[in-house]
Student: 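First, the structure itself, so that you have it in front of you.
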Amino acid sequence: GENVEQHPSTLSVQEGDSAVIKCTYSDSASNYFPWYKQELGKGPQLIIDIRSNVGEKKDQRIAVTLNKTAKHFSLHITETQPEDSAVYFCAAIPSGGYQKVTFGTGTKLQVIP
Amino acid sequence: NAGVTQTPKFRVLKTGQSMTLLCAQDMNHEYMYWYRQDPGMGLRLIHYSVGEGTTAKGEVPDGYNVSRLKKQNFLLGLESAAPSQTSVYFCASSSDLNTEAFFGQGTRLTVV
């Protein structure tokens with residue numbers, strides 16, 4: 001089955017700096033890669049996603065890159081703000097959909113004002 | 001628009017007791033899922049449903065049962081709770097297999 005490794009498990013950055021979270025996956029059949037943000041006491045919320053036919057996607061301060069050959073994808077947050085502090089999860093999903101999803105173990109991001 | 005609503009938000013059970021977690025979505029989604037979230041681990045799929053009246057096992061189904069009698073509701077049951085089922089449970093729904101899944105706020109369950 002799929003195996004998703006996520007690094008780092010914790011990340012502290014100064015406000016205004018950039019943050020990068022990396023995930024690697026093992027199953028080449030995975031073709032959809034969402035990133036979720038989970039704030040304390042809340043459920044995960046999709047912040048950005050990328051499909052296997054795209055190498056990069058941007059949405060304001062957030063970007064995701066995908067390297068299919070190396071089987072890794074990364075979340076980039078620029079100009080971090082205190083409200084970016086949360087746990088971020090990556091996921092890899094094959095064509096079978098969310099019933100075959102594998103989530104990463106999460107990265108706790110702390111943005112220090 | 002409420003999205004995905006889970007009931008209850010917190011619950012403490014004694015070993016051997018039973019309970020049902022309710023998930024309701026108002027987005028007319030076909031697909032619904034139950035996950036558990038444990039410290040240091042990613043979300044793991046317990047059971048899922050691809051439409052009203054259907055259910056299927058996920059990665060960690062043992063000790064749980066589910067029902068999807070109505071399209072908008074997905075129930076997760078624990079017949080005889082065990083301490084190993086102490087976890088945070090999340091329900092999610094999606095309109096398609098490979099599109100955004102919307103999550104509820106979670107149910108924190110403690111089994112003592």
Side-chain angles (χ1 to χ4, degrees), chain A residues 1-10 21 23-27 29-54 57 59 62 64 66 86-108, chain B residues 2-10 21 23-25 27 29-51 54-61 66 68 74 87-108:
Chain A
E2 175 66 279
N3 181 42
V4 176
E5 294 189 1
Q6 183 172 346
H7 298 283
S9 56
T10 60
I21 302 170
C23 288
T24 60
Y25 62 99
S26 59
D27 189 352
S30 291
N31 57 18
Y32 176 52
F33 306 92
W35 283 91
Y36 285 87
K37 176 183 181 182
Q38 186 176 18
E39 297 176 336
L40 196 61
K42 297 185 178 180
Q45 184 173 11
L46 182 78
I47 54 170
I48 197 166
D49 57 9
I50 191 167
R51 298 189 184 275
S52 58
N53 58 348
V54 175
K57 185 176 179 180
D59 183 3
I62 295 173
V64 57
L66 171 65
V87 178
Y88 292 81
F89 291 95
C90 64
I93 302 171
S95 58
Y98 268 92
Q99 53 263 40
K100 296 188 183 298
V101 64
T102 302
F103 283 89
T105 50
T107 296
K108 185 174 182 180
Chain B
V4 178
T5 304
Q6 292 182 230
T7 310
K9 291 185 169 49
F10 304 93
L21 281 66
C23 177
Q25 53 96 3
M27 296 173 283
H29 285 168
E30 289 292 338
Y31 303 91
M32 296 188 74
Y33 318 86
W34 275 107
Y35 297 91
R36 61 178 288 173
Q37 184 178 46
D38 301 296
M41 303 184 74
L43 290 148
R44 292 182 293 167
L45 183 65
I46 304 171
H47 284 281
Y48 65 97
S49 169
V50 299
T54 74
T55 63
K57 294 180 180 180
E59 179 186 355
V60 288
V66 288
R68 183 104 180 263
F74 195 28
S87 188
V88 181
Y89 292 86
F90 287 99
C91 175
S93 71
S94 64
S95 60
D96 203 344
L97 288 175
N98 287 303
T99 58
E100 177 181 2
F102 293 83
F103 284 81
Q105 290 203 324
T107 297
R108 183 173 293 275

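Every value quoted in this text rests on a predicted model; they were computed, and no experiment measured them.
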Student: Side chain, backbone, both or neither: which part of A/Q38 has a heavy atom under 4.5 Å from chain B?
Tutor: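 The answer is the side chain of A/Q38.
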Student: Rounded to the nearest 0.5 Å, what separates atom OG1 in A/T102 from atom CG in B/L43?
Tutor: 11.0 Å
Student: Between A/P34 and chain B, which part of the residue has a heavy atom less than 4.5 Å away: side chain, backbone, both or neither?
Tutor: neither
Student: In terms of heavy-atom contacts, does NZ of A/K100 have more than 12 from other residues, nucleotides or ligands at under 6.0 Å?
Tutor: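 No, not enclosed.
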Student: Any chance you could measure A/L46, atom CG, to B/F102, atom CZ, to the nearest 0.5 Å?
Tutor: 7.5 Å
Student: Between A/F89 and B/Q37, which heavy-atom pair has the shortest distance, and what is it?
Tutor: CZ-NE2, 3.1 Å
Student: Can you pull out every salt bridge (Lys or Arg N to Asp or Glu O under 4.0 Å) where at least one residue sits in residues 39-49 of chain B? Sequence neighbours excluded, please.
Tutor: B/D38-B/R44
Student: Is the shortest heavy-atom distance from the side chain of A/V101 to the side chain of B/Y35 under 4.5 Å?
Tutor: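 A side-chain contact under 4.5 Å exists here.
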Student: In Å and rounded to the nearest 0.5 Å, what is the OG to CD1 distance from B/S94 to A/I93?
Tutor: 8.5 Å
Student: Which one wins on heavy-atom pair count under 4.5 Å against chain B: A/S9, A/G41, A/P44?
Tutor: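 Among the listed options, the one with the most contacts to chain B is A/P44.
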Student: For the CD atom on B/E100, are there more than 12 heavy atoms of other groups (residues, nucleotides or ligands in this structure) within a distance under 6.0 Å?
Tutor: yes
